[in-house]
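Lettering follows sequence order; numbering is per chain, from 1.
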Protein chains: 2
Amino acid sequence: MGIDTLDCKIIVQLMSNGRGTWSELATLLQISAPAVAERARRLQERGIIQGYAAQVDPRAVGLTLLAYVAVTLDRPEHRVGFLAWVQQTDAVQECHHIAGDGDYLLKVRCRDTADLEELVSNQLKGLEGIVRSRTTIVLSTVKETSRLPMPADAPERNSAN
Amino acid sequence: MGIDTLDCKIIVQLMSNGRGTWSELATLLQISAPAVAERARRLQERGIIQGYAAQVDPRAVGLTLLAYVAVTLDRPEHRVGFLAWVQQTDAVQECHHIAGDGDYLLKVRCRDTADLEELVSNQLKGLEGIVRSRTTIVLSTVKETSRLPMPADAPERNSAN
DNA sequence: CCTGAAAGATGATGGTT
DNA sequence: AACCATCATCTTTCAGG
C-alpha cells in the first residue's frame, strides 16, 4: 500500500495525459524510461491504476441528455435484481449507495427524454421493490473531470531519495 | 459532424483501452495502422476525443470520501464567483447546472469529513450569494465508468463499406 | 534504478483505387 | 479523399550490471 513521491508524479501526469510516452515522462521526472514503465506497470498490477480511457465528448456521439436519478428500494432482498440491472445497463454511468438502507443515486446518460422515459418509467420502475424515484435533469455541465485532487491532498508515505 | 461506423468502433475501443497501440486496433478492425492513427488524430482534432486519462482508484490515493453537494444561489450576479471557485477547486470533480435559475450539483472528493467540512462550511458557504447547500455523503459506489453507451445508441450517419 | 541492444510502434512519403 | 505499403525514427522491452 505504499505510494512514494515518484509514483504520485507518474499518476498525476498519466491522469492528464494518459497516452504520453514513457520517455516523455522519464525526461520530465529525471529518471530513465524503463524505470517509469516498470512503475506504471506495477501501479496497474496493484489496481491503483485501473486502466486507460479515451475521454469522449458525449454530445459528439449523440448523448445530449444527462440526468441524476435518486432511487429508493423497500427491502434488502430486492437489491440484487436492481444492482444486476444497474451493471448491465450501459446508460447508467454511475451508481452510488447513499443513505440508510435503500437509497441509490444514478448518473444516467442518453439521447433524449424519450430514452430517459423508457429507462426510468419502463425499465427501472418495472423492477421489484422500487418504492420511489426522483429524476433531476442536468441543464448544462460546468465542470467534469476525471482528474483526482492530489497535489497537497495525498502526502507521500515513503520519500525514498 | 460525421462519425461513421469505423470511427465508432475506434471510439468504443479507445474508451476501454486508451493505451492500446494503433497496430492492435488495426488488426481488430481489419485496416492498416496508419489509417487508424489518422482517424484517431482527427477525432481528437475535432474535439470528439478530448484526451486520454489513466483511471485511478481514489481510495488508493487517500480519497476515501465522496459526496454530492446541491447548491442554491440567490442571484445570477453571484454565479461568476461561484463558478470560478468551482474551476479552481480540485476536490470538485463535477459541477452541473440543474434547475430553474440557481441550482447546481457538485461531485466532491476528499480524504475525510474534516476536509469536507473545510470545503463546504468554510470555503463554499463563505462565497457570496450561497443561499443553501445540502450535502449527501456516498456510502459506497456500486458502479462508476467513463465508458459512454454507444452500441445501439449512436446510429451511424455514414455506413461506407 | 541505470545502461545498451533488439523488437516493435509510430509517423511521413508516395502510390493506388 | 481515404486507404495501403514501405521505410526512417523513436519508443518500448529485456538483458545484465
Could you check whether the rings of B:Tyr104 and B:Phe82 sit parallel, tilted or perpendicular, using 30° and 60° as the cut-offs?
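B:Tyr104 vs B:Phe82 ring planes: tilted.
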May I have the distance from [X] (atom [atom1]) to [N] (atom [atom2]), rounded to whole angstrom?
X: B:Glu38; N: D:dC4; atom1: CD; atom2: P; answer: 12 Å
X: B:Glu24; N: C:dA7; atom1: CD; atom2: C1'; answer: 15 Å
X: B:Arg41; N: C:dG11; atom1: CZ; atom2: P; answer: 10 Å
X: B:Leu6; N: D:dC3; atom1: CG; atom2: P; answer: 7 Å
X: A:Gln30; N: C:dT3; atom1: CD; atom2: P; answer: 12 Å
X: A:Arg19; N: C:dA9; atom1: CZ; atom2: P; answer: 12 Å
X: B:Arg39; N: D:dA1; atom1: CZ; atom2: P; answer: 15 Å
X: B:Leu25; N: C:dG11; atom1: CG; atom2: P; answer: 14 Å

Decide yes or no on side-chain hydrogen bond (donor to acceptor under 3.5 Å, both in side chains) for B:Gln55 and B:Ser146, but give the supporting numbers first.
CA-CA 9 Å; B:Gln55 302 171 302; B:Ser146 63; 3.0 Å; yes
Is the shortest distance from a Lys or Arg side-chain nitrogen in A:Arg42 or A:Glu38 to a carboxylate oxygen in the other one below 4.0 Å?
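Answer for the salt bridge query: no.
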What I want to find out is whether B:Asp115 reaches B:Arg109 closely enough, with some N-O distance under 4.0 Å, to be called a salt bridge.
no
Given [options], the nucleotide with the shortest approach to the side chain of [X]:
X: A:Pro34; options: D:dT13, C:dC2, D:dC4; value: D:dT13
X: A:Thr21; options: D:dT11, C:dC2, D:dC4; value: D:dT11
X: A:Ala33; options: C:dC2, D:dT12, D:dC3; value: D:dT12

Does B:Ala35 reach a base, just sugar-phosphate, or nothing at all? Heavy atoms under 4.0 Å.
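Sugar-phosphate, backbone atoms only, no base.
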Under the criterion side-chain hydrogen bond (donor to acceptor under 3.5 Å, both in side chains), which of B:His96, B:Glu94, B:His97 is the partner of A:Thr141?
B:His96
Within the pair A:Ser23 and D:dT12, is there a side-chain N or O less than 4.0 Å away from OP1 or OP2?
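It does, given that an N or O in the side chain of A:Ser23 lies less than 4.0 Å from OP1 or OP2 of D:dT12.
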Taking 4.0 Å as the cut-off, does a side-chain nitrogen or oxygen of A:Trp22 come that near to OP1 or OP2 on D:dT13?
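Yes, within the criterion.
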Residue pair B:Gly20/A:Val36 against DNA chain C: nearer the 5' end by closest nucleotide is A:Val36
